[in-house]
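The next block holds one structure in the form of structure tokens; read it before the comments.
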Number of protein chains: 2
Amino acid sequence: MTAESVQEPHAAAQCAAVPGAVLDGPVSHAISRVARLHRIAAGRVLRDLGLHPGQEFLMMHLWDSGAVRQSELIKAVGLDPSTVTKMLQRLEQSGHVRRRPDPADRRASLVEATDASCGLLVEVRRAWGELERQTLDGLDAAERAELTRLLGKVESALCTEVIRGGAAECDAAGTAE
Amino acid sequence: MTAESVQEPHAAAQCAAVPGAVLDGPVSHAISRVARLHRIAAGRVLRDLGLHPGQEFLMMHLWDSGAVRQSELIKAVGLDPSTVTKMLQRLEQSGHVRRRPDPADRRASLVEATDASCGLLVEVRRAWGELERQTLDGLDAAERAELTRLLGKVESALCTEVIRGGAAECDAAGTAE
DNA sequence: CATTTTACTTTGGTCGGCCAAGTAATGAGG
DNA sequence: CCTCATTACTTGGCCGACCAAAGTAAAATG
């Protein structure tokens, strides 16, 4: 008895008679997997700082650009407006960000990093460096440059497709080494 | 381009006297951006099929492997168990998946794709091909191979770091060709 | 045989992220 | 001056994804 292993496909299992390995072909999955691992690593590095993954990205923009109109920030990070709104609400509640209405345009609001948040800057920088180190560990300079170049091409290709579908514009980012 | 400065930093803006471009250096962000765009493109391609991005991945595994123990599925996709549980609940409610308790192990459950879902297989395959085409548009064969290789290295590097941090095991998917 | 440890899954909570609608203020025409 | 489209942001809903903790059943150990 011992009902070993699973039962064989009983109901409707084998729709396709494809043996296996339908999954490892596309580069798409490699991207997804890498992104997921990268996010986990980022979360681990940022946890001690009290930031959730994604927030550092926003904060970096704010630290970098000073007080900005929220719409500018949204365009800069390329995320959905509603996403940025919610993230800012949480960051404001955490005391990392302050928002005030724009005197020049009452429907807009200006966003800026608080003084208290500035202490995080160096730590976030360090965390990012650490993350970058973890990510690119095992790649030499040439490989890193090539990876950057290829990702840039993929990004612009996807961007073209995405805007064709009706979304907003993408920032064709950069080149550079 | 992209708009020049709005107002100058007024209150507490310049924590760091760093002029700009703190953001385009790391490859990390390229990965995040590409992954995000890729996800959006996937969502667009899958919407007509009634699937949300991520579900196809699970379904592909199920179509490929027949009835499997849920734990096996979890290990295969490498996601968090709770994530898989919730996704399966939704897929079950959508009629794409069926779950039954494993007779051999009463705490486990067997998962399989339903008959109805099989009609989606070919469409998902087509959608994936389309997505792959969109993603790699503009890269020649050598570049694609190189990108795959580099992503593989990054994945294994990140994997090592992640497991070091205490998480589960990663599938070092090293499918070279 | 009782107890502890391990494995399989689920629940609850929180966040990032998208879309689709909705609100409020600005600006262009009639 | 009043209407209408546009811009700027918010709300609600939903899903993917994580973590942490719980619950249950099997296995290992005494």
Side-chain angles (χ1 to χ4, degrees), chain A residues 2-3 6 32-33 35-44 46-47 50-59 68-75 77-94 99-111 162 165-168, chain B residues 6 32-33 35-44 46-47 50-58 68-75 77-94 99-111 162 165-169:
Chain A
T2 58
V6 254
S32 303
R33 283 197 303 262
R36 198 180 60 83
L37 289 172
H38 180 80
R39 195 175 191 77
I40 295 178
R44 231 180 273 283
L46 288 170
R47 178 170 306 169
L51 285 177
H52 297 97
Q55 297 185 329
E56 13 80 50
F57 193 70
L58 226 56
M59 291 308 296
V68 275
R69 214 181 234 92
Q70 187 167 323
S71 57
E72 293 293 327
L73 181 63
I74 290 171
K75 271 203 308 185
V77 298
L79 294 174
D80 192 89
S82 62
T83 299
V84 176
T85 295
K86 292 178 187 172
M87 286 176 75
L88 285 178
Q89 290 172 345
R90 280 157 188 155
L91 285 171
E92 191 174 24
Q93 192 174 358
S94 309
R99 285 191 304 176
R100 61 173 63 195
D102 187 339
D105 191 337
R106 272 199 316 221
R107 68 200 150 152
S109 56
L110 293 176
V111 191
V162 165
Chain B
V6 201
S32 303
R33 282 196 303 262
R36 199 179 57 84
L37 289 172
H38 180 80
R39 194 173 193 80
I40 295 178
R44 230 181 274 284
L46 288 171
R47 179 169 305 169
L51 286 177
H52 297 97
Q55 296 186 328
E56 13 79 55
F57 193 69
L58 226 57
V68 277
R69 214 182 235 88
Q70 187 168 322
S71 56
E72 293 294 326
L73 181 63
I74 289 172
K75 272 202 307 184
V77 297
L79 294 174
D80 191 272
S82 62
T83 300
V84 176
T85 296
K86 292 178 186 173
M87 285 176 74
L88 285 177
Q89 289 173 345
R90 281 158 188 155
L91 284 171
E92 190 173 26
Q93 191 174 358
S94 308
R99 286 190 303 175
R100 62 173 67 192
D102 187 341
D105 190 339
R106 271 199 317 223
R107 67 198 152 155
S109 58
L110 292 175
V111 191
V162 166
E169 81 303 328

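Numbers restart at 1 for each chain; the letters A, B, ... are given by sequence-line order, proteins then strands.
Across A:Ser32 and B:His38, no two heavy atoms sit closer than the pair OG-CD2, 4.0 Å. Nearest heavy atoms, A:Arg69 versus A:Ala108: NE-CB, 3.8 Å.
Rounded to whole Å, the distance from NE2 on B:His38 to P on C:dG17 is 16 Å. Between the CZ atom of B:Arg36 and the P atom of C:dG17 there is a distance of 8 Å, given to the nearest Å. The CD1-C1' distance, from B:Ile74 to C:dT9, rounds to 7 Å in whole Å. Separating the CG atom of A:Asp80 from the P atom of C:dG16 is a distance of 14 Å, rounded to the nearest angstrom. Here the P atom of nucleotide D:dC19 and the CG atom of A:Leu51 are 17 Å apart, to the nearest Å. In this structure, CG of A:Leu46 is placed 20 Å from P of D:dA17, rounded to the nearest angstrom. D:dT10 atom P lies 14 Å from atom CZ of A:Arg69, rounded to whole Å. Rounded to an integer number of Å, the gap from CD1 of B:Ile40 to P of C:dC18 is 5 Å.
To the nearest 0.5 Å, the span separating CZ on B:Arg90 from CG on B:Leu58 amounts to 12.5 Å. Note that CG of A:Leu91 is 7.0 Å distant from CG of A:Leu51, once rounded to the nearest 0.5 Å. Here CZ of B:Arg39 is found 11.0 Å from NE2 of B:His52. Values are rounded to the nearest 0.5 Å. If you take NZ on B:Lys86 and CG on B:Asp80, they are separated by 9.0 Å, rounding to the nearest 0.5 Å.
In the set C:dC18, C:dT10, C:dT26, C:dT10 carries the atom at the smallest distance from any side-chain atom of B:Arg99. Of the candidates C:dC18, D:dC19, D:dC9, D:dC19 carries the atom nearest the A:Arg47 side chain, counting heavy atoms from C-beta on. When distances run from any side-chain atom of B:Ala108 to the nucleotides C:dC8, C:dG16, D:dT10, the shortest one goes to C:dC8. For A:Ser109, the listed nucleotide lying nearest its side chain is D:dC9; candidates were C:dG17, D:dC18, D:dC9. When distances are taken from the side chain of B:Thr85 to each of D:dT10, C:dT11, D:dA8, the shortest belongs to C:dT11. Here the nucleotide nearest the side chain of A:Thr83, chosen from D:dC18, C:dC8, C:dG17, is C:dG17.
Residue B:Gln70 is the one, among A:Ala104 and B:Gln70, whose nearest nucleotide of DNA chain C lies closer to the 5' end (criterion: closest heavy atom).
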Identify each atom pair where a protein N or O and an N or O of nucleotides 2-7 of chain D are less than 3.5 Å apart, giving names and distance.
residue	atom	partner	partner atom	Å
D:dT7	O2	A:Arg107	NH1	2.5

Just the table, please: protein N/O against nucleotides 12-14 of chain C N/O, every pair under 3.5 Å.
residue	atom	partner	partner atom	Å
C:dG12	O6	B:Lys86	NZ	3.3
C:dG13	O6	B:Lys86	NZ	2.5

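Between A:Gln93 and A:Gln89 the shortest side-chain heavy-atom distance does not fall below 4.5 Å. Within the 4.5 Å cutoff, the side chain of A:Gln70 has no heavy atoms near those of the A:Asp102 side chain.
Checked options A:Val111, A:Val84, A:Thr83; the residue passing with A:Ile74 is A:Val84 (criterion: side-chain contact (heavy atoms from CB on, under 4.5 Å)).
Within the 4.0 Å cut-off from OP1 or OP2 of C:dA7, not a single side-chain nitrogen or oxygen of B:Ser71 is found. Contact annotation: B:Gln89 reaches the phosphate of C:dT11 (side-chain N/O to OP1 or OP2, under 4.0 Å). Here A:Gln55 does not reach the OP1 or OP2 of C:dC15: none of its side-chain N or O atoms lies under 4.0 Å away. Distances shorter than 4.0 Å separate some side-chain N or O of A:Arg106 from OP1 or OP2 on C:dT26.
A distance-only check finds a donor-acceptor pair linking the side chain of A:Arg36 to the backbone of B:Gly78 [under 3.5 Å].
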